[in-house]
Amino acid sequence: MKTYYNNIKKQVYAIAIVATMIVTIGTLNSCKSDECEFVELKGCQTGVDVAFLVDYTGSMGGAIESIKAQVSTIVQTIATQSNGNYRLSLSIFDEMPTKQATTYTNSAPYLALPAAQKIINTSNALFSQHLTMLEPFAPVNETSFTNQLGQLLTNMPIGGGMGTPEPGDLLLKEILSNNFAGAWRTGNVKKIVILITDAPAGGDDDLANATDDAELASLASIANGMGVQCVLISAIDNSNYKLSLINNNTNGLTYVTPEFKGVSDEIVNAIKASCGE
């Protein structure tokens with residue numbers, strides 16, 4: 001009887017081996033070129049969160065119009081790279097004299113936003129910074145993202161800006177540290193910040209100095225800890241964003257496009273590069 005059961009065990013074991021071989025062969029036959037379905041997906045293929053931070057001061061009109069015109073191409077690139085598993089956010093930053101309202105304060109799109117999506121920083125006696133979250137992270141949100149982008153310059157007058165430095169670093173801090181765009185997803189999801197500006201970072205005092213350099217380096221460290229890749233799309237080279245943020249961020253990227261010619265193409269290139277293409 002013992003011999004009988006041992007034979008049965010051997011037969012079951014043999015059947016299991018054959019079944020495993022069949023599954024393995026079937027998987028190998030599903031390969032395309034040198035890649036197989038069981039190979040771990042890389043880049044953005046398992047999902048991506050992309051936060052767009054846009055300088056909304058007077059000199060940015062041409063860049064924003066270009067992005068609006070090509071938004072479908074930009075979003076479809078993200079959708080393709082992520083196999084349709086993406087979330088987008090859109091925020092803007094601006095600066096005005098303290099106690100002076102910015103140009104879009106009374107516009108319908110701005111008034112319709114929840115209070116939690118509007119930050120007016122008045123820590124400096126001379127300058128106030130306006131940080132606005134137009135579109136928080138949401139799943140597969142091409143339509144609402146496109147609609148909110150379309151409000152810029154059309155139903156929301158472009159902001160002012162006070163001098164050359166602008167407060168993009170303050171907005172980045174809110175998005176990295178305070179979930180201003182909503183919480184970033186965890187797990188095997190690519191996380192990207194795309195900052196679009198033609199000015200250096202100026203914090204709350206409209207000055208680009210060593211304090212801002214240190215803050216940008218700190219933000220790079222925070223981003224590294226979160227697994228967030230920072231991408232700078234700029235009309236100027238060697239800004240403090242590039243030197244202190246991008247150069248200290250793991251896999252940080254900079255695209256310089258003078259006068260923002262081809263800005264939409266550079267955004268598409270940045271997305272593809274960030275996703276490993």
Side-chain angles (χ1 to χ4, degrees), residues 51-61 63-64 89-107 109-111 113-136 152-153 156-182 193-223 226 228 230 232-249:
F52 288 87
L53 286 63
V54 180
D55 183 337
Y56 200 52
T57 60
S59 59
M60 290 292 295
I64 292 168
S89 75
L90 174 64
S91 54
I92 58 175
F93 55 94
D94 182 23
E95 187 169 53
M96 295 292 287
T98 295
K99 298 182 181 180
Q100 180 175 328
T102 193
T103 55
Y104 46 82
T105 301
N106 293 318
S107 68
Y110 185 83
L111 292 172
L113 294 172
Q117 292 176 218
K118 296 179 283 191
I119 295 175
I120 301 177
N121 178 58
T122 56
S123 59
N124 187 283
L126 298 177
F127 308 102
S128 61
Q129 294 76 40
H130 297 254
L131 317 175
T132 307
M133 180 58 57
L134 296 171
E135 173 76 1
L152 300 181
L153 306 179
M156 286 182 63
I158 198 163
M162 296 296 300
T164 300
E166 304 297 352
D169 49 339
L170 297 187
L171 178 56
L172 179 59
K173 183 176 182 178
E174 292 296 330
I175 287 174
L176 291 177
S177 300
N178 297 321
N179 289 338
F180 191 41
V193 160
I194 298 180
L195 175 65
I196 306 168
T197 182
D198 63 354
D204 69 349
D205 59 4
D206 200 40
L207 296 172
N209 53 31
T211 300
D212 301 294
D213 295 343
E215 176 66 9
L216 289 170
S218 175
L219 290 174
S221 179
I222 292 170
M226 298 171 62
V228 175
C230 297
L232 173 65
I233 310 287
S234 181
I236 59 174
D237 198 6
N238 292 323
S239 70
N240 54 4
Y241 284 115
K242 178 181 177 180
L243 300 176
S244 298
L245 174 68
I246 302 300
N247 288 353
N248 289 303
N249 175 239

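Residue numbers run from 1 in the order of the sequence given.
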**Item:** Partners meeting side-chain hydrogen bond (donor to acceptor under 3.5 Å, both in side chains) with S239 (sequence neighbours left out)
**Value:** none
Which pairs of donor and acceptor atoms, one on a side chain in residues 165-175, lie under 3.5 Å apart (sequence neighbours left out)?
| residue | atom | partner | partner atom | Å |
| --- | --- | --- | --- | --- |
| D169 | OD1 | G203 | N | 3.2 |
| D169 | OD2 | G203 | N | 3.2 |
| E174 | OE1 | N178 | ND2 | 3.0 |

**Item:** Straight-line distance of L111 CG to N106 CG, nearest 0.5 Å
**Value:** 6.0 Å
**Item:** Non-hydrogen atoms of A208 and N240 that approach each other most closely
**Value:** CB-ND2, 3.8 Å
**Message:** If you apply the rule side chain to side chain contact (heavy atoms under 4.5 Å, CB included), what do you find for F93 with L195, and how did you get there?
**Reply:** CA-CA 11 Å; F93 55 94; L195 175 65; 3.7 Å; yes
**Message:** Do L176 and M226 have side chains that approach each other closer than 4.5 Å (heavy atoms only, starting at C-beta)?
**Reply:** yes
**Item:** Set of residues satisfying side chain to side chain contact (heavy atoms under 4.5 Å, CB included) with respect to P136, sequence neighbours excluded
**Value:** Q117, M133
**Message:** Using only atom types and a distance under 3.5 Å, with no angle test, would you say the side chain of N121 pairs donor to acceptor with the backbone of S128?
**Reply:** no
**Message:** Please report the interatomic distance OG1(T105) to CD1(I120), rounded to the nearest 0.5 Å.
**Reply:** 6.0 Å
**Asked** Quick one: does S234's side chain have a donor or acceptor within less than 3.5 Å of a partner on T197's backbone?
**Response** yes
**Asked** Do any N or O atoms from the side chain of T98 and from the backbone of N124 form a donor-acceptor pair under 3.5 angstrom?
**Response** yes
**Inter- and intrachain pairs under salt bridge (charged side-chain N to carboxylate O under 4.0 Å, His left out), touching residues 234-248, at least two apart** = D237-K242
**Request:** Walk me through it: do D204 and F127 pass the test side chain to side chain contact (heavy atoms under 4.5 Å, CB included)?
**Result:** CA-CA 7 Å; D204 69 349; F127 308 102; over 6 Å; no
**Qualifying residues under side-chain hydrogen bond (donor to acceptor under 3.5 Å, both in side chains), relative to N248, sequence neighbours excluded** = none
**Complete:** Residue set satisfying side chain to side chain contact (heavy atoms under 4.5 Å, CB included) with T103, at least two apart, ordered chain then number -> P157
**Prompt:** Going by heavy atoms in the side chains, are T132 and F180 under 4.5 Å from each other?
**Reply:** no
**Request:** Could you pull out all residues at least two apart from S59 that satisfy side-chain hydrogen bond (donor to acceptor under 3.5 Å, both in side chains)?
**Result:** D198
**Request:** Just grab all the salt bridge (charged side-chain N to carboxylate O under 4.0 Å, His left out) pairs involving residues 116-129, residues at least two apart or on different chains.
**Result:** none
**Message:** Just to verify, what does Y110 make a ring-ring contact (aromatic ring centres under 6.0 Å, His included) with, not counting sequence neighbours?
**Reply:** Y104
**Message:** The test is side chain to side chain contact (heavy atoms under 4.5 Å, CB included); show your working for T211 and E215 and say whether it passes.
**Reply:** CA-CA 6 Å; T211 300; E215 176 66 9; 5.7 Å; no
**Complete:** Between the CD1 atom in I92 and the NE2 atom in H130, the distance rounded to the nearest 0.5 Å is 10.5 Å
**Request:** Kindly give the heavy-atom pair with the smallest separation between G160 and T57, and that separation in Å.
**Result:** O-CB, 3.8 Å
**Message:** Looking at L131, is its backbone amide N or carbonyl O close enough to the side chain of Y56 to form a donor-acceptor pair, meaning the two atoms are under 3.5 Å apart?
**Reply:** no
**Fill in**
Sorted by chain and number, sequence neighbours left out, side chain to side chain contact (heavy atoms under 4.5 Å, CB included) with L243 holds for N238, N247
**Asked** Less than 4.5 Å apart, any side-chain heavy atom of N249 and any of L219?
**Response** no
**Item:** Test side chain to side chain contact (heavy atoms under 4.5 Å, CB included) applied to L207 - qualifying residues, sequence neighbours left out
**Value:** D205, N209
**Request:** For residues M162 and L126, determine if any side-chain heavy atom of one lies less than 4.5 Å from a side-chain heavy atom of the other.
**Result:** no
**Fill in**
Sorted by chain and number, sequence neighbours left out, ring-ring contact (aromatic ring centres under 6.0 Å, His included) with F52 holds for F145
